[in-house]
Amino acid sequence: MVGPKHLWIVANWKSNKTIAQALEWVETVGPQIPKTVNLKVVVCPAFSCLSEVKKAVMVGNFPIIVGAQNLSPFDVGAFTGEEPASLLKELVSFSIIGHSERRQNFGETDEMIDAKVKQALASNITPLVCVQSAGTPVPPDCKLVAYEPVWAIGTGNPDTPENANQVALKIKQANSQVEVIYGGSVTADNVKGFNSQEHISGVLPGKASLNPQDFINIINACKE
Ligand code: PGA
């Protein structure tokens with residue numbers, strides 16, 4: 001990549017926040033995000049508040065990219081309960097795909113993840129594919145990958161920055177032109193360690209993204 005690497009900070013709210021709580025977060029965090037070219041702040045709310053979050057980001061003109069946490073492996077049609085990329089694109093330009101919680105709790109397979117990435121790309125939605133190790137397949141044309149070891153998610157027990165960097169390097173060697181971010185118990189206290197690694201281009205905090213001040217602290221810790 002030419003120029004300084006991106007710094008992705010992707011908030012994964014998972015199944016949390018009412019619309020009022022989501023809007024409070026946007027109004028608190030939005031004005032405090034520095035408008036730096038290489039900084040990419042993304043928020044991935046539950047589907048139930050995507051529309052309101054998108055509106056609030058536009059009205060406030062905040063440098064926040066709105067993303068989904070998942071999307072359908074199919075296009076529009078008779079797929080009850082699914083959210084196809086070609087409809088979601090009205091609200092999001094980014095989506096997490098293949099999070100380990102979806103693989104574990106909803107039986108998502110590598111084939112489904114492949115299909116979801118194809119749907120996302122066809123609708124100009126940037127897919128962020130989560131992999132659990134350097135051995136997890138990355139679908140073709142996916143340019144952004146999150147390395148998230150299952151044992152580090154929600155446990156307060158993150159991987160070491162050095163090991164995460166080694167895994168990121170392996171993922172980059174196996175998949176040309178991907179950027180790799182790290183997720184799993186990221187906090188304001190440990191984020192700098194990950195972002196200062198050569199092969200890591202950002203982070204995917206879950207729990208620490210929920211509280212607006214915790215999330216601002218993560219952004220600020222990256223600047224220091
Ligand atoms: P955590 O979640 O930061 O709460 O560990 C990260 C994730 O699951 O994406």
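Start at 1 and go down the list; that is how both ligands and their atoms are numbered.
Of all the atoms in ligand 1, the ones that sit under 4.0 Å from a non-hydrogen atom of Leu204 are 6 (C), 9 (O). Proximity to Gly184 (heavy-atom distance under 4.0 Å) selects the following atoms of ligand 1: 5 (O). Close approach of ligand 1 to Glu148 is summarised as follows: ligand atoms under 4.0 Å from at least one heavy atom of the residue are 6 (C), 7 (C), 8 (O), 9 (O). Contact atoms of ligand 1 toward Gly154: 1 (P), 4 (O), 5 (O) (distance under 4.0 Å to a heavy atom of the residue).
A salt bridge links Asp110 and Arg103; the closest N-O separation between the charged side-chain nitrogens and carboxylate oxygens is under 4.0 Å. Under a 4.0 Å N-O distance rule, the pair Glu108/Lys116 qualifies as a salt bridge. A salt bridge links Lys14 with Glu101: the closest approach of a Lys/Arg side-chain nitrogen to an acidic carboxylate oxygen falls below 4.0 angstrom.
Among protein heavy atoms, the minimum distance from atom 3 (O) of ligand 1 is reached at Gly206 N, 2.8 Å. Here the protein heavy atom with the shortest distance to atom 2 (O) of ligand 1 is Lys14 NZ, 3.2 Å. In terms of protein heavy-atom proximity, atom 4 (O) of ligand 1 is nearest to Lys207 N, 2.9 Å.
When heavy-atom distances to ligand 1 are checked against a 4.0 Å cut-off, Asn12 comes that close only through its side chain, counted from C-beta outward.
Applying side chain to side chain contact (heavy atoms under 4.5 Å, CB included) to Glu162 and the options Asp159, Thr160, Asn165 leaves one that passes, Thr160.
For ligand 1, one of its N or O atoms has an N or O atom of His99 under 3.5 Å away. In terms of N/O distances under 3.5 Å, ligand 1 is not approached by Pro205.
The neighbour count for Glu24 CD, taken as heavy atoms of other residues, nucleotides or ligands under 6.0 Å away, does not exceed 12.
Every heavy atom of Ala208 sits 4.0 Å or more from the atoms of ligand 1. Using 4.0 Å as the threshold, Gly183 has no heavy atom nearer than that to any atom of ligand 1.
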| said: Test side-chain contact (heavy atoms from CB on, under 4.5 Å) on Val129 and Leu144; report intermediate values, then the result. | reply: CA-CA 7 Å; Val129 170; Leu144 189 58; over 6 Å; no

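For the residue pair Ser86 / Asp75, a side-chain donor-acceptor distance below 3.5 Å is found, with atom types taken as modelled.
The aromatic rings of Phe79 and Phe74 sit parallel, their planes meeting at an angle under 30°, below the 60° perpendicular limit.
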